[in-house]
Engineer: 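Below is one structure. I have some questions about it.
In what follows, every heavy atom counts, from backbone to side chain, and hydrogens, waters and symmetry copies are set aside. In the text below, chain A, chain B and the rest are named by the order of the sequence lines, each starting its count at 1.
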Amino acid sequence: MELLAGWKERINAASVAASESLPLPQTPAFYAGAVTFVENTEAAARMVEFARQRPISHIGIDTEFTYARPPVLLSRGTRAYDPSSIAPLMLSVSMAEPHDGGYHAYTFVVDLRVDGLVPALQELMRLPVPFVGHFLKVELFCLWQLGIAEPNITWDTWAGERSLGLGATHPGYRLPENADGIDATRAKEESAEDDEFSLRLTALCRRYGVPYEMADEKDRLQRSFLDMDRNGKFSEAQIQYAAEDAKAAAVIYPRQVLRAVCAGANHRLESIEMPWVRTNARIEWNGLRLDADRVRAVSEARERHLKVLEARLEREYGIKNFRSHTQLYRFFDESGLLDLFRKKGTYSFDRKNLKLFRERHSAISLLYAARRIYDLDKTGMLDLRLVGADGRVHPQHRQLGAHTGRQTTTAPNLLGLPKALRPLCICDPGNGIGEVDLSQIEVGVAAAVYGDAVLIAMFNSGDVYSEMAKVFYRDLIPPADLGLPVKAFKKKYSHLRDRMKVFTLGIMYGMTPYGIAALNGISVLEARQQWARFLGMFPALKRALRESAVLYGYRGYSVTVSGLRRYRASSGALSKWEGNWLVNHPVQGSAADVFKLAGNRLDRLYQQFGARIVLPFHDAFVFEAPLCHLHAVAELTAVEMKHAVQIYFPCLDPQVEINVKNPECWNKDGDAGSVDRWLLDPLA
DNA sequence: GAAGAGAGCGCC
DNA sequence: AAAGGGCGCTCTCTTC
């Protein structure tokens, strides 16, 4: 039988070692309760050998590191560190061995600057026990920087804690209605405090009753690693501090698992959120390549056009700053056009309004043009300082950044990049970029979560909005057209289909007939009739939506299909906003569940193709793969995404859309020319 | 001068 | 009384 590459050598090496000497038992008392500093390969080998001969249940880990590059200073004092320039300094390891209802802790601190440690550390990481850390992303970065593969089983106490407390700290609660002054002030203070402190390791220690010796010095010691001479000797305090975090993580772990069990969340943490820590970290580590020349061209064109428009606005209309609401108000007041912009008791000069009335006054069309160009990028994607040491941009991918379980991105906000700018994202030579999208998945999930057989059937037919249109607008569609193929119908009746889309999304987001009326410019009465007729198609959904908000309001939380809860911060009468998210969260969050499930599988399966996830886009994966494997990777992605949906929703038969057209860059539906067209004519 | 609110808009 | 879920970013203007 053929052995896989590398195995022959490994077996040979192992048998040589075995013939030399067999390991001797080591005395646990020597390590128990102590912190052992590991500063050479022999000590590292002894540490691993010790770990392999003890009945370890789990291992706490922590790393100390610095960055080879200074951070990029962004607005509001935030700093963006380049993960590809991370320089690992120390790894602390705290092995937990169950004993007498508690645990023995064997703690080691490894100097990662020592050469030749990788084989021993790799062997340690291969141990089949959970490796526990607090905000494991940076630990994974350190391992990957050293060329060490991550452990198979990981647990992140940060992600665990965030998962168990979603919702209550949402900014929506910072301004509670019907609250007295004292309530409001307290709520605000608490939520600010929550956001900043409640997820820190020291806060978890307090919550779980875990002693943490060095709380007072934590900030100073943490900084000491960032500032230190990279070849300097570690102080005793630094070593003890590094050990402390690994020890704390190891002690918190079983207590947090117990808390998760009590919140019905352990299944989800084990099977979705914890593996996603790894997947998410790898996505951030991978980053993506920007076409720097084109980025510069776009920036320059934007500035050039803005300058011209701003000069004209000032010269011809006296508008010095078109971004100023105050100045626009004054201008339109003086020109007697203010009423055009009246909206809800105030005046809105948003782009929609400017477009609507651009024929009324030449200033309006100028303003509209200026706004369109100005708005092109506020995501930070044109900031080339964010290109890392590896030539790629590494946006921060915030796990559970949203209180529904969704991701957010920042520095830059990749998820908010205007579609037309997607072709700025390119790939390495020899690779291609592809995207696979789960079509209309939130509608399918809503149908399944709220148990509406009619909606499920429509979703499974292939194009849910077309199926809706056939029923809702049956008087407007000739019977012969009802049998058209999905694509043909979609094209011919796109206007009716779009209406259905608005209705469906409106339902999921809690829109009322008043909102629909305002959006479509119809009367409230008309909107109400259409609304009733639309929901009449889905009686089960209609009933479930009405019931759910009330029931979940009593209970105090909504929950996704895998068990992720979003909590209310208060009891009592539901606000409109709470009623909306209580209904929406099971949909949005369950879609996020299955999406992460798919991503975790892909993260593993991509390795054999040399492929990587570039961007998780809520219901789509953007990936980069060697061109020769691009189609295979796309197929694999499609299969895994469908499969993940069916693990929790076997009644659904989801469709996917594969885009591997023009794989030299990321694009919308194969349109690789959108940036170049913008450069030619920004207003086209 | 910093911080927060509000407007506005990009994405799903 | 208001009337659309989840985000991040940037700008203006007000307030402390």
Side-chain angles (χ1 to χ4, degrees), chain A residues 74-78 166-167 170-172 174-175 177-178 188 192 320-329 341 343-354 367 371-383 395-398 400-422 437-443 446 502-519 524 527-528 531 545 549 558 566 575-589 591-592 595 615-620 622 668:
Chain A
L74 300 170
S75 59
R76 289 168 323 203
T78 52
L166 285 180
H170 189 279
R174 289 188 184 179
L175 289 170
E177 47 181 347
N178 308 326
K188 205 170 170 183
K320 282 202 176 74
N321 186 351
F322 70 90
R323 297 168 221 84
S324 162
H325 191 270
T326 320
Q327 285 187 33
L328 294 188
Y329 181 95
F341 300 95
K343 196 166 116 186
K344 288 186 209 164
T346 173
Y347 298 91
S348 173
F349 309 109
D350 63 14
R351 220 166 76 186
K352 207 179 137 201
N353 263 346
L354 294 172
L367 282 168
R371 181 98 80 193
R372 275 189 68 186
I373 292 168
Y374 174 75
D375 286 341
L376 179 76
D377 182 66
K378 284 191 286 192
T379 63
M381 278 294 280
L382 300 183
D383 188 346
Q396 218 183 100
H397 291 264
R398 292 185 178 159
L400 299 169
H403 289 260
T404 53
R406 272 192 181 177
Q407 298 274 111
T408 63
T409 53
T410 181
N413 177 19
L414 184 51
L415 291 177
L417 184 72
K419 285 179 192 150
L421 293 189
R422 286 180 183 177
D437 181 316
L438 268 175
S439 313
Q440 307 155 357
I441 189 58
E442 283 202 5
V443 184
V502 171
F503 267 109
T504 310
L505 295 173
I507 278 204
M508 292 199 300
Y509 301 155
M511 210 173 185
T512 62
Y514 293 87
I516 274 283
L519 189 71
V524 173
R528 201 191 304 278
W531 200 236
L545 290 175
S558 51
R566 175 173 177 175
S575 70
K576 174 81 181 131
W577 168 67
E578 286 181 307
N580 283 351
W581 68 248
L582 281 165
V583 168
N584 177 258
H585 167 240
V587 178
Q588 195 182 109
F595 186 68
L615 178 61
F617 219 134
H618 306 307
D619 61 358
V622 182
K668 175 72 183 158

Engineer: Using only side-chain N and O atoms of A:H170, determine if any of them is under 4.0 Å from OP1 or OP2 of C:dC7.
Structural biologist: yes
Engineer: Has A:H325 got a side-chain atom pairing as donor or acceptor with A:Y347's backbone, closer than 3.5 angstrom?
Structural biologist: yes
Engineer: In the structure I gave you, are the side-chain heavy atoms of A:T326 and A:N321 within less than 4.5 Å of one another anywhere?
Structural biologist: no
Engineer: Without swapping roles, check the side chain of A:T379 against the backbone of A:G416 for a donor-acceptor pair under 3.5 Å.
Structural biologist: no
Engineer: A:R566 has an atom CZ; how far is it from atom P of C:dG6, in whole Å?
Structural biologist: 5 Å
Engineer: At less than 4.0 Å, is any side-chain N or O atom of A:T512 found next to OP1 or OP2 of C:dG4? Yes or no.
Structural biologist: yes
Engineer: Which whole number of Å gives the distance between the P atom of B:dA7 and that of C:dA2?
Structural biologist: 14 Å
Engineer: Measuring only the P atom in each nucleotide, how far is C:dA1 from B:dG8? A whole number of Å is fine.
Structural biologist: 25 Å
Engineer: What's the closest nucleotide to the A:T326 side chain, out of B:dC12, B:dG8, C:dC13?
Structural biologist: C:dC13
Engineer: Whole angstroms only, please: what is the CG-P distance between A:L400 and C:dG8?
Structural biologist: 12 Å
Engineer: Return yes if the base of C:dG5 and the side-chain atoms of A:Q588 contain a donor-acceptor N/O pair under 3.5 Å, otherwise no.
Structural biologist: yes
Engineer: Taking only N and O in the side chain of A:R323, is any of them less than 4.0 Å away from OP1 or OP2 of C:dT12?
Structural biologist: yes
Engineer: Between A:Y374 and A:F322, what is the ring plane arrangement, given parallel below 30°, perpendicular above 60°, and tilted in between?
Structural biologist: perpendicular
Engineer: With C1' as the reference atom in both, quote the distance from B:dG10 to C:dA3 in angstrom, rounded to an integer.
Structural biologist: 24 Å
Engineer: What's the closest nucleotide to the side chain of A:Y374 if the choices are B:dG10, C:dT10, C:dG6?
Structural biologist: C:dT10
Engineer: So if I take every side-chain heavy atom of A:F617 and compare against B:dC11, C:dG6, C:dG4, which nucleotide ends up nearest?
Structural biologist: B:dC11
Engineer: Consider the side chain of A:P418, meaning its heavy atoms from C-beta on, and name the nucleotide among B:dG10, C:dG6, B:dG8 that approaches it most closely.
Structural biologist: B:dG10
Engineer: Answer with base, sugar-phosphate or nothing: what part of the nucleic acid does A:R372 contact at a heavy-atom distance below 4.0 Å?
Structural biologist: nothing
Engineer: So what does A:G380 touch, heavy atoms closer than 4.0 Å: a base, only the sugar-phosphate, or nothing?
Structural biologist: nothing
Engineer: Report the nucleotide, chosen from B:dG8, C:dC9, C:dG6, that has the shortest atom-to-atom distance to any side-chain atom of A:H325.
Structural biologist: B:dG8
Engineer: Could you give the CD-to-C1' distance, from A:E578 to C:dG4, as a whole number of Å?
Structural biologist: 16 Å
Engineer: Is the ring of A:Y509 stacked on the base of C:dG4, with centres less than 5.5 Å apart and planes under 30° off?
Structural biologist: no
Engineer: Classify the side chain of A:R398 versus the base of C:dC7 as yes if they form a donor-acceptor pair under 3.5 Å and no if they do not.
Structural biologist: no
Engineer: What is the nucleic acid contact for A:A591, judged by heavy atoms within less than 4.0 Å: base, sugar-phosphate only, or nothing?
Structural biologist: nothing
Engineer: To the nearest Å, give me how far apart CD (A:Q327) and C1' (C:dC11) are.
Structural biologist: 12 Å
Engineer: Can you check whether A:D437's main-chain N or O pairs, donor with acceptor, with A:D619's side chain at less than 3.5 Å?
Structural biologist: no
Engineer: A:M511 side chain: which of B:dC12, B:dC9, C:dG4 is closest?
Structural biologist: C:dG4
Engineer: Any side-chain N or O of A:W577 under 4.0 Å from OP1/OP2 of C:dG6?
Structural biologist: yes
Engineer: At under 4.0 Å, does any side-chain N or O of A:T408 touch on OP1 or OP2 of C:dG8?
Structural biologist: yes
Engineer: Determine the contact category for A:I516: base if any of its heavy atoms lies under 4.0 Å from a base atom, sugar-phosphate if only primed atoms, P, OP1 or OP2 are that close, otherwise nothing.
Structural biologist: nothing
Engineer: Less than 4.0 angstrom between a side-chain N/O of A:N413 and OP1 or OP2 of C:dC9, yes or no?
Structural biologist: no
Engineer: How long is the straight-line distance from CZ of A:F341 back to CG of A:D350, given to the nearest 0.5 Å?
Structural biologist: 9.0 Å
Engineer: In whole angstrom, give the distance that lies between atom NZ of A:K668 and atom C1' of B:dC12.
Structural biologist: 10 Å
Engineer: For A:S324 and C:dC13, is the shortest distance between a side-chain N/O and OP1 or OP2 below 4.0 Å?
Structural biologist: yes
Engineer: So, is A:K419 near the phosphate of B:dC12, with a side-chain N or O under 4.0 Å from OP1 or OP2?
Structural biologist: yes
Engineer: Once you round it to whole Å, what is the distance between C1' of B:dG10 and CG of A:L421?
Structural biologist: 10 Å
Engineer: Strictly below 4.0 Å: does A:N321 bring a side-chain N or O up to OP1 or OP2 of C:dT12?
Structural biologist: yes
Engineer: For A:H397, does its backbone N or O pair with a side-chain atom of A:Q407 as donor and acceptor, under 3.5 Å?
Structural biologist: no
Engineer: A:W581 has an atom CH2; how far is it from atom C1' of C:dG5, in whole Å?
Structural biologist: 11 Å
Engineer: What is the distance from CG of A:D619 to P of C:dC7, rounded to the nearest Å?
Structural biologist: 17 Å
